Amino acid sequence: MRILMRGVEFGDERTRQNMERELRERLQRSADTGRPLRVYCGFDPTSTELHLGHTVPMRKLRQFQDLGHQAIFLIGTFTGTIGDPSDKDAARQQQSLEEALEKAQAFVDQAWRILDPERTLVEYNHRWLAKLTFSEVIHMASLFTVQQFLARENFANRYAKGDPIWLHEFFYALMQGYDAVALRTDVQIGGTDQLFNLMAGRKLMEAYGLEPQVILTFPILVGTDGRLRMSKSTGNIIGIDERPGVMFTKVLNLPDAVFRNYAELLTRWSPEEIDAMIGAMERGELNPQDAKRALAWEIVSIFHGDAAADRAAEDARRMHRGTAPSDAPQIRLSGPRPLVDLVAEAGLVKSKSEARRLIRQRGIRLDGQTVEDEHAVVTPSDRSEQVIQVGKRKFLRVLAT
RNA sequence: GGGCGGGUGCCCGAGUGGACAAAGGGAGCUGACUGUAAAUCAGCCGGCGUAUGCCUACGGUGGUUCGAAUCCGCCCCCGCCCA
């Protein structure tokens, strides 16, 4: 129980007490009857990449798994075509079912970094949501009032600003709620921003004569910018499939202020350890950089193992000295090439113009020497590789063919 | 269905015939400073072998004009008010 409730956050003490009590009762009943609880968390396939933000509820699912319960990894192949308004100021762009299914596959592939494939049920909500009849939808809609929706902060804001609120956005909560009905779940896990949707699930379950699910919500993980929720569309993500070195430096470059948020949501550290570290930082006994180095190691280790974490830490040191990390991309050259073409082709910059710009700003180095000439040419050497560095952290190794 | 106001670069937003790749802000990128953070300062910020050059771009389309983000026609879309 202590493990399962760790990190749970509702923003309301009464809700927390109620949920804790309900969860305790369910666990007891499960122990008595031998029926594992059905625990699920849904993810809309809006990108092809799972990121650290997704892993917070996923790891909670894993904890339930490890206690013998049934984890359901639900992919919002249908809800994902509508778009969740929860974290948005504006409506999300819609996509087709085909696109959603493609991304869903990518999600499943990455999910096994956290979940146990043997004990996970993967579900797709288009299987039941696509079959609902209009009268069923109307019935569900009749259980909620427009005022309840307009009371939600993001809708209220958009309404006040005169921004469009599309009718179909209201249905998002109903659809997600119906997932709980269709799956007959005992527990649903989600971010605190999902509270409204999860509560809609409880309401619908009651209306369908089912016992309402227990809901557990968790704080939102902020992105690399240190302010906004981590999400692909904001571009502030750390993907769980990213190379260990990239993951490591991204964590290292986080603003100091998010240390607690990350430590509590992502690491295996105990609350006591985390408090101790933050206390030491505040007293000036621990350099925040060292704390983040430990955090980076811990996070990389969780997803890629200790060895990869060690290597990433070493690479970060090398990069700081201006030498290429061990996993830097390589390119083979048969003859002299203009530097500008080379870095553009290798994808280190978006365009040749950008490359020229960077040279003018002294942001490109060749073997440690700042490149001064926009027309510089790279000539491959048989003897040794050459290292091109763009900005602080992009490297390219050049070898002769 | 009617009236009014809108649709501009990644986002917000100024711009009502040429000096507009288009003010300003945000985001992003580079450099300095630092702890590889934050803050601050400077620069950059559509593309093109760099060019007082060309291409792409101001909801769509068709016009007017030497010249259109700016004017006109038609169309699409959004907000507010009324029905």
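So you know, we letter chains A, B, ... as the sequences are listed, proteins then strands, and number each from 1. The basis for the numbers below is simple: all heavy atoms, side chains too, and nothing from hydrogens, waters or symmetry mates. Bear in mind that the values here come from a model prediction, so they are computed numbers and not experimental data.
Among B:rG49, B:rC78, B:rG31, the nucleotide with an atom closest to any side-chain atom of A:Arg356 is B:rG49. Of all nucleotides listed (B:rG31, B:rG79, B:rU30), B:rG31 comes nearest to the side chain of A:Arg365.
Counting any heavy atom pair closer than 4.0 Å across all strands shown, A:Ala316 reaches a base atom. Residue A:Ile364 is classed as having no contact, given no heavy-atom separation below 4.0 Å to the nucleic acid. Residue A:Leu358 is classed as a sugar-phosphate contact, given heavy-atom separations below 4.0 Å to backbone atoms only.
A:Arg16 has no carboxylate O lying under 4.0 Å from a charged side-chain N of A:Glu9, or vice versa, which leaves the two without a salt bridge. Remark: A:Asp186 engages A:Arg35 in a salt bridge, criterion side-chain N to carboxylate O under 4.0 Å.
Atom CD of A:Glu102 is surrounded by 12 or fewer heavy atoms from other residues, nucleotides or ligands within 6.0 Å. For A:Ile3, the CD1 atom counts as loosely surrounded, since its 6.0 Å shell holds 12 or fewer non-hydrogen atoms of other residues, nucleotides or ligands.
For A:Val181, the side-chain contact (heavy atoms from CB on, under 4.5 Å) partners two or more places apart in sequence, or in a different chain, are A:Tyr178, A:Leu204, A:Met205, A:Tyr208, A:Leu210. Contacts of A:Thr48 classified as side-chain hydrogen bond (donor to acceptor under 3.5 Å, both in side chains), with partners at least two apart in sequence or in another chain: none. Applying the side-chain hydrogen bond (donor to acceptor under 3.5 Å, both in side chains) criterion to A:Asp367, with sequence neighbours excluded, gives no partner residue. Taking A:Arg365 as the reference, nothing meets the salt bridge (charged side-chain N to carboxylate O under 4.0 Å, His left out) condition, with sequence neighbours excluded. With sequence neighbours excluded, the residues forming a side-chain contact (heavy atoms from CB on, under 4.5 Å) with A:Gln28 are A:Asp32, listed by chain and number. Considering only residues two or more places apart in sequence or on other chains, A:Asn287 meets the side-chain hydrogen bond (donor to acceptor under 3.5 Å, both in side chains) condition with none of them. For the side-chain hydrogen bond (donor to acceptor under 3.5 Å, both in side chains) test, no residue two or more places apart in sequence or in another chain qualifies with A:Gln148.
Residues of residues 334-348 of chain A having a heavy atom closer than 4.0 Å to RNA chain B: none are found. Within residues 283-293 of chain A, the residues having any heavy atom under 4.0 Å from RNA chain B are, by residue number, A:Pro288, A:Gln289, A:Lys292, A:Arg293.
B:rA14 and B:rG3: their P atoms are spaced 26 Å apart (whole Å). On the C1' atoms, B:rG18 is 14 Å away from B:rC71, given to the nearest whole Å. Distance check on atom P: B:rC11 versus B:rG17 gives 27 Å, rounded to whole Å. For the C1' atom pair drawn from B:rA23 and B:rC58, the interatomic distance equals 14 Å after rounding to whole Å.
Across all strands shown, B:rC48 forms a Watson-Crick or G-U wobble pair, both distances under 3.5 Å, with B:rG53. Shown here, B:rG24 forms a base pair with B:rC12; the pair counts as Watson-Crick or G-U wobble because both key distances fall under 3.5 Å. Judged by Watson-Crick or G-U wobble contacts below 3.5 Å, the nucleotide B:rC41 has B:rG31 as its partner. With a 3.5 Å ceiling on both atom-pair distances, the Watson-Crick or G-U wobble partner of B:rC66 is B:rG18. Nucleotide B:rC58 is matched to nothing when pairs are restricted to Watson-Crick or G-U wobble geometry with both distances under 3.5 angstrom.
For A:Arg21 and A:Gln17, the side-chain atoms include no donor-acceptor pair closer than 3.5 Å.
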Each nucleotide N or O in nucleotides 4-9 of chain B that has a protein N or O under 3.5 Å away: list the pair and distance.
none

For nucleotides 43-47 of chain B, which of its nitrogen or oxygen atoms have a protein nitrogen or oxygen under 3.5 Å away, and what is each distance?
{"residue": "B:rG43", "atom": "N2", "partner": "A:Gln361", "partner atom": "OE1", "Å": "3.0"}
{"residue": "B:rG43", "atom": "N2", "partner": "A:Gln361", "partner atom": "NE2", "Å": "3.4"}
{"residue": "B:rG43", "atom": "N3", "partner": "A:Gln361", "partner atom": "OE1", "Å": "3.0"}
{"residue": "B:rC44", "atom": "O4'", "partner": "A:Gln361", "partner atom": "OE1", "Å": "3.1"}
{"residue": "B:rC44", "atom": "O2'", "partner": "A:Arg357", "partner atom": "NE", "Å": "3.3"}
{"residue": "B:rG47", "atom": "OP1", "partner": "A:Ser351", "partner atom": "OG", "Å": "2.9"}
{"residue": "B:rG47", "atom": "OP2", "partner": "A:Arg357", "partner atom": "NH2", "Å": "2.9"}

Which donor-acceptor pairs under 3.5 Å do side chains of residues 332-344 of chain A form with protein atoms, sequence neighbours excluded?
{"residue": "A:Arg332", "atom": "NH1", "partner": "A:Ala400", "partner atom": "O", "Å": "3.2"}
{"residue": "A:Arg337", "atom": "NH1", "partner": "A:Glu345", "partner atom": "OE1", "Å": "3.4"}
{"residue": "A:Arg337", "atom": "NH2", "partner": "A:Glu345", "partner atom": "OE2", "Å": "3.0"}

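Within the 4.5 Å cutoff, no side-chain heavy atoms of A:Asp373 are placed close to those of A:Ile359.
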